[in-house]
J.: 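Questions regarding the structure given below will be posed in turn.
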Amino acid sequence: MKKRYEYARTSRLLTPGDFRSVFDQVDAKISCSEITLLAKKSELETNRIGFIIAKKQIKTAVARNRVKRHFREYFRKFNVHAQNEQKFDFVVLARKSCQDLDNPKLDETIQSLLKRLKKRIDKTV
RNA sequence: CGAGUUGGCCAGGCAAUCGCCGCUUUUAUUAUUUGUAAUUUAUUAUAAAUAUCUAAAAGGGGAGGAAAGUCCGGGCUCCAUAGGGUAAGGUGCCAGAUAACGUCUGGGGGGUGUGAACCCAUAGCUAGUGCAGCAGAGAGAAGACCGCCUAAGCGUGUUUACACGACGGUAAGGGUGAAAGGGUGCGGUAAGAGCGCACCGCGCAACUGGUAACAGUUUGUGGCAAGGUAAACCUCACUUGGAGCAAAAUCAAAUAGGGUUCCACUAGGCGUGACCCGCGCCGGAACCGGGUAGAUUGCUUGAGCCUUAGAGCGAUUUAAGGCCUAGAUGAAUGAUUGUCCACGACAGAACCCGGCUUACCGGCCAACUCACUUU
């Protein structure tokens, strides 16, 4: 199982069309003061994730890169633990306060959001 | 050693594990071509070569001095373009460097600093037009508020004399102002005044030095001023076509309309009309062309970097040798742990260069200046 921690092209949302499909058919929308998470059930074999981090919200490119890279790292590990569960297309929208969090706190935030997502999905099923 | 000036360099290091994006090599897979063998004579097997995709392994590489702001200049691409003029914009001491510049270097002039050095949008207001608060009598061929001067003629005191006054003269003094139309001294005068003279300053011309800007213990000449502002219009000189890599090129599903060839063949459908004739509209296939989504190229070998030597005060340039140093595309260069110290600022490539400007924790090196101490 050497491929465990990969984060390849297939696990990203690539085209504007991919993003639009998530926005148009959201199955769950969960937000806190730092980020908003959109999720759509997917038939594919992997979770896919896309980021929308506006220049208006987070000013410098360095800060935007940091947030994006950290979430990507988190999902890389998350994919391993969620092998046999329902697959989703995710879109992460960052808010202004995102840049004030350090890396461990970003982890906590996204973790709590994913927990809430799971609860909500279970309810609807 | 302290304070400082200028120029250059660095931008946390090391190790382990996991991850991302190119590149190179190898292997596997797939396709095509060729050869050989077998037979079902167009299939199978096998070998070699080439190519692409995917997968794996190994090796090696992977943000900056500002990558930023997008303020200038250039390359590159497309569009426009006979030539000339006008408009509009830009630049503005001189010489040089450069692909080019609003950049850089050297020099002149002015200013700041004890100094090393630094700063200057530094052409023309003796072509024209305009602008200048308050104060002040007057602010641009100026001006009589106080002051100074004067009494020939005039007025008043009746008259000569004398006194006072109006007219008049005066820019030396006071006062106002950022600025009051050269300064000092002597002569001169009613008082004054470049009115005259000397010296200083200034303008013009000559001469000398310098490529030039410009300079001068030089000579002559002019009594000597219509001052400031041109990041005010303007004048003069030089200069500028437009848009940008989402440029542009190639491949190319779809869709609208088009062309050529072949097939079908006057049959059928629809409209007009009560109906017929008539008139109008409507075929199928292949190929070409077209170009949207998408993909690929453009995309990193370049006015490149390093070293040495030569030319030059220098910017820079010439020669030789060496090096290849990110190329992503919803967009890679990251995460965790350990460890060391100075405890890590500003900040992320997006076609590429040359600058400028702005942001910034600090560290190192060189040259120079000032002060102090010591010899």
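A, B, ... follow the sequence lines: proteins, then strands. Residue 1 opens every chain.
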J.: Checking base pairs now: Watson-Crick or wobble, both atom distances under 3.5 Å. What partners B/A88?
T.: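 Because both required distances fall under 3.5 Å, B/A88 counts as paired with B/U240.
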J.: Only pairs with both distances under 3.5 Å count, Watson-Crick or wobble alike; so what is the partner of B/G181 in this structure?
T.: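 None - no nucleotide pairs with B/G181, as no candidate has both distances under 3.5 Å.
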J.: What's the gap between B/G330 and B/G322 when it is taken at their C1' atoms, as a whole Å value?
T.: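 Going atom to atom, C1' in each nucleotide, I get 42 Å.
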J.: Tell me which residues in residues 62-69 of chain A put a heavy atom below 4.0 Å from RNA chain B, sorted by number, or none.
T.: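 Hits under 4.0 Å, by residue number: A/Val62, A/Asn65, A/Lys68, A/Arg69.
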J.: Can you identify which nucleotide, out of B/G330, B/G348, B/U333, has its nearest atom closest to the A/Ile52 side chain?
T.: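 Taking heavy atoms from C-beta onward, the closest nucleotide is B/G330.
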J.: For B/A51, give its Watson-Crick or G-U wobble partner with both distances under 3.5 Å, or none.
T.: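 Checking every strand shown, B/A51 finds its partner in B/U30, with both distances under 3.5 Å.
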J.: Distance check, P atoms only: B/A247 and B/G354, in whole angstrom units.
T.: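 After rounding to an integer number of Å, I get 26 Å for this pair.
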J.: Starting at CG of A/Leu93 and ending at C1' of B/G330, how long is that distance when rounded to a whole Å?
T.: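 Taking atom C1' of B/G330 as the reference, CG of A/Leu93 is at 13 Å.
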J.: Can you tell me how far NE2 of A/His70 sits from OG1 of A/Thr109, rounded to the nearest 0.5 angstrom?
T.: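 One finds 9.0 Å between OG1 of A/Thr109 and NE2 of A/His70.
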J.: Choosing from B/A335, B/G348, B/U333, which nucleotide comes nearest the side chain of A/Arg72?
T.: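 Given the options B/A335, B/G348, B/U333, the side chain of A/Arg72 is closest to B/U333.
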J.: Where the side chain of A/Glu73 is concerned, which of B/A332, B/G348, B/A335 is the nearest nucleotide?
T.: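 Minimum distance to the A/Glu73 side chain belongs to B/A335.
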J.: Quick check on B/G65: syn or anti? Syn means the glycosidic torsion is within 90 degrees of zero.
T.: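 Because its glycosidic torsion lies within 90° of 0, B/G65 adopts the syn conformation.
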J.: Rounded to whole angstrom, note down the C1' distance from B/C167 over to B/C154.
T.: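 So the two C1' atoms sit 9 Å from each other.
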J.: B/C346 and B/C360: how far apart are their P atoms, nearest whole angstrom?
T.: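 The answer is 9 Å between these two P atoms.
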J.: Taking side-chain hydrogen bond (donor to acceptor under 3.5 Å, both in side chains) as the definition, give me every residue that meets it alongside A/Arg64, ordered by chain and number, with sequence neighbours left out.
T.: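 Expected list: none.
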J.: Keeping A/Arg72 on the side-chain end and A/Val67 on the backbone end, is there a donor-acceptor pair under 3.5 Å?
T.: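 Between the backbone of A/Val67 and the side chain of A/Arg72 there is no qualifying donor-acceptor contact (under 3.5 Å).
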J.: Using the P atom as the reference point in each nucleotide, state the distance between B/A68 and B/A347 in Å, no decimals.
T.: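 After rounding to an integer number of Å, I get 13 Å for this pair.
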J.: For atom C1', what is the distance between B/A335 and B/U5, given to the nearest Å?
T.: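 Between the two C1' atoms, the distance is 46 Å.
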J.: Using the side-chain hydrogen bond (donor to acceptor under 3.5 Å, both in side chains) criterion, which residues pair with A/Thr60? Sequence neighbours excluded.
T.: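 Partners of A/Thr60 under the side-chain hydrogen bond (donor to acceptor under 3.5 Å, both in side chains) test: none.
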J.: With both distances under 3.5 angstrom, what nucleotide forms a Watson-Crick or G-U wobble pair with B/G128?
T.: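 For B/G128, the partner nucleotide comes out as B/C233, under the 3.5 Å rule.
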